[in-house]
Number of protein chains: 2
Amino acid sequence: MKAGRCMARATGKSEAVYERLKGDIESLRLRPGAKLSEVQVGEELGASRTPVREAIRRLARDGLVDFVPGEVARVAPISLGGVRALFEFRMLLEPRAAASVATAGAADERVLVPFRDLLKRLEEFDESFGALDAGAQVRSYTKFYDVTESFDQAVIAACRNPYLARTIRDLRGQTVRLRHLSHSGPRRMLNSLEEHRAMLKAITRGDAQAAEAACRHHLAQTLQALIDNLTSQDLTFGRDVQVDITG
Amino acid sequence: MKAGRCMARATGKSEAVYERLKGDIESLRLRPGAKLSEVQVGEELGASRTPVREAIRRLARDGLVDFVPGEVARVAPISLGGVRALFEFRMLLEPRAAASVATAGAADERVLVPFRDLLKRLEEFDESFGALDAGAQVRSYTKFYDVTESFDQAVIAACRNPYLARTIRDLRGQTVRLRHLSHSGPRRMLNSLEEHRAMLKAITRGDAQAAEAACRHHLAQTLQALIDNLTSQDLTFGRDVQVDITG
DNA sequence: CGGCGGTACGCTGTATACAGGATGGTGTGC
DNA sequence: GCACACCATCCTGTATACAGCGTACCGCCG
């Protein structure tokens, strides 16, 4: 393989490297603080430096990589302060987005379709969950995450303000990584499920205020669970220079 | 000049190209819809494709360039819908930031220093402005913009939440470009001056609620002025495919 | 004269080459 | 034994080469 084809869209190397690295970072296979040398990553993933370079820049924009011009890029550390700041910011954006969707849904039924669908999926999941034994419950987490993932996506898609949508989307990577980190057991999951149901019901009802409140509550609960886990599991994550930005 | 030095920080080619293009776009020297070919820009600015590429990607993040993978990058068009969406988003972020700064200032006097300073500069400017003839007034716009610019910078710097700060900063490019577009005459400027004074007073007083309201008011007024100008001056800007994103 | 096909150009994506710093380890001097 | 300096190594920034893809212009045919 000498030179690359343009192809861009479907098979683009840059995109592939980006997705791969993103997945590895979100799943914590790449630990916070890990060095991301362009050449090394390139060799490992069978790509040249150029696409790797671009992928790393994009990951930096997503907040998953700490990038300083002359230095080696590193997987962004996870700090308590950083998590708090992230959720404080999400608390500003996402409740507003949820409210906006509820309002839009009240005016145009069509935007509610995916949300009614999600609500149904959620109810089905809820009903079947209790019947499972502990092992099967843990395995079903993935399915639940799929629903929450779809919910987030649906909100972004339904968001009428492109700036708001993009900013929320840009934060998703960090959110996903943190979720993979909080193995909070079934209790937190059931609570989260209930919170999602509340959000979905408010949105499909067209109740903007309730949707906003439900979203805010969900974020607050998630943050609390995350803090509990981060402080109990001593976080060896990101032992490298830990500039806690929020103070 | 064969190959480049690393130097990065001070003389970095990529940074230079970025700043240059950014300035040209903000000042409308590069018109909305203009094509930005990597090779062409590179030749014009005496840089190779690599730094140009990176600069264009960064400008896309700033919302000043529309970038689609396989295609030629273009200077982002200016649409009424886009401007509305931008300001709607700013209305979500900046009042919160202003309030946050006011709160922080009430707890720690030191964060107020730059704001007291700005307030003084503003008062001085205000006093001297009336004495000028029309021509000198127009020339003094630059000085006023300096103050507003410094104000925005100061808010960003004082912002405790790095996510909020970064997002506001990322929007600055578009804001600046729009400002260069609204030659609203002295009346709008004097109003803006008054609005800034209100924000500064609220912040230095430590009154978060007033700061938030003042900021909101300022943004609403600015948007209104902008809309007036955009609709009166028929905006030939961005005649290329105008996907108005906000509907 | 209008529609259509072919060709030439330009563009991006990718790969690779080269030069200058930054970093980390090792050896030496105090 | 410790601190400092030197050196090897790696890594990034930049430049350039090559391959495919789209487009636009031009000529040809109906």
Side-chain angles (χ1 to χ4, degrees), chain A residues 1-22 30 33-61 64-77 238-243, chain B residues 1-22 30 33-61 64-76 239-241:
Chain A
M1 191 188 301
K2 191 91 202 319
R5 295 83 90 219
C6 180
M7 41 174 170
R9 252 51 62 100
T11 33
K13 272 286 180 58
S14 176
E15 185 73 16
V17 173
Y18 171 74
E19 290 295 344
R20 171 64 186 276
L21 283 179
K22 187 172 183 179
L30 249 43
K35 285 197 276 196
L36 288 179
S37 158
E38 292 175 8
V39 295
Q40 186 184 327
V41 171
E43 284 170 8
E44 240 167 272
L45 272 67
S48 133
R49 277 185 59 201
T50 315
V52 173
R53 216 177 151 70
E54 188 165 331
I56 288 179
R57 298 302 200 285
R58 276 218 272 165
L59 289 166
R61 197 196 64 175
L64 291 174
V65 161
D66 272 3
F67 169 71
V68 180
E71 300 173 16
V72 192
R74 289 170 168 280
V75 176
R239 55 297 228 254
D240 291 355
V241 232
Q242 193 91 274
V243 258
Chain B
M1 191 189 299
K2 192 92 201 311
R5 294 80 91 223
C6 181
M7 39 177 174
R9 253 49 64 99
T11 32
K13 271 285 180 60
S14 176
E15 185 73 15
V17 172
Y18 171 74
E19 290 296 344
R20 170 65 185 274
L21 283 179
K22 186 172 183 178
L30 250 43
K35 285 198 277 194
L36 288 179
S37 159
E38 292 175 7
V39 296
Q40 187 185 327
V41 171
E43 283 171 8
E44 240 167 274
L45 273 67
S48 135
R49 277 184 60 201
T50 316
V52 174
R53 215 177 154 69
E54 186 165 332
I56 288 180
R57 300 303 199 288
R58 277 217 273 165
L59 289 167
R61 196 195 65 175
L64 291 174
V65 161
D66 273 2
F67 168 72
V68 180
E71 300 173 17
V72 191
R74 287 170 170 281
V75 176
R239 55 299 226 246
D240 291 356
V241 234

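Protein chains get the first letters and strands the later ones, always in sequence-line order, with residue 1 at the start of each. Because the structure is a prediction, the values reported are computed rather than measured.
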Can you tell me if B:R57 touches the phosphate of C:dT12, counting only side-chain N or O atoms and a distance under 4.0 Å to OP1 or OP2?
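No, because none of the side-chain N or O atoms of B:R57 sits under 4.0 Å from OP1 or OP2 of C:dT12.
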Has A:S48 got a side-chain N or O lying under 4.0 Å from the OP1 or OP2 atom of C:dA15?
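Indeed, a polar side-chain atom of A:S48 lies that close.
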The helix from C:dC1-D:dG30 to C:dC30-D:dG1: angle between end helix axes, five pairs per end, rounded to 10 degrees
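Comparing the first five pairs with the last five, the axes sit 0° apart.
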Could you state the interatomic distance from [atom1] ([X]) to [atom2] ([Y]), rounded to the nearest 0.5 Å?
X	Y	atom1	atom2	value
A:S37	A:R74	OG	CZ	11.5 Å
B:T50	B:E38	OG1	CD	9.0 Å
B:L21	B:L45	CG	CG	6.0 Å
A:R53	B:R57	CZ	CZ	11.5 Å

Please figure out whether A:T50 or A:I56 has its closest DNA chain D nucleotide nearer the 5' end.
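Of the two residues, A:I56 wins.
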Can you tell which of [options] lies closest to the side chain of [X]?
X	options	result
A:K13	C:dG13, C:dT14, D:dG13	C:dT14
A:P51	D:dG13, C:dT14, D:dA15	C:dT14
B:R53	D:dT14, D:dG13, C:dT14	C:dT14

State, to 0.1 Å, how close [X] and [Y] come at their nearest heavy-atom pair, and which atoms those are.
X	Y	answer
A:S14	A:A55	O-CB, 4.1 Å
A:V52	A:G42	CG2-CA, 3.6 Å
A:I56	A:L36	CD1-O, 3.8 Å
A:K13	A:G46	NZ-O, 3.6 Å

To the nearest Å, how far apart are A:E54 CD and C:dG13 P?
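After rounding, the gap between these two atoms is 7 Å.
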Nearest whole angstrom, please: distance from the P of C:dT23 to the CZ of A:R74.
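Nearest whole value for this atom pair: 10 Å.
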On the side chain of B:R49, is there an atom forming a donor-acceptor pair with the base of C:dG13 - under 3.5 Å, no angle test?
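Yes, the side chain and the base share a sub-3.5 Å donor-acceptor pair.
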Filtered N/O pairs between nucleotides 7-11 of chain C and protein, under 3.5 Å:
from   : atom 1 : to    : atom 2 : distance (Å)
C:dC11 : O5'    : B:S37 : OG     : 3.4

Apply the test salt bridge (charged side-chain N to carboxylate O under 4.0 Å, His left out) to residues B:R58 and B:E15: give CA-CA distance (whole Å), side-chain angles for both, the deciding distance (0.1 Å), then the verdict.
CA-CA 10 Å; B:R58 277 217 273 165; B:E15 185 73 15; 2.6 Å; yes
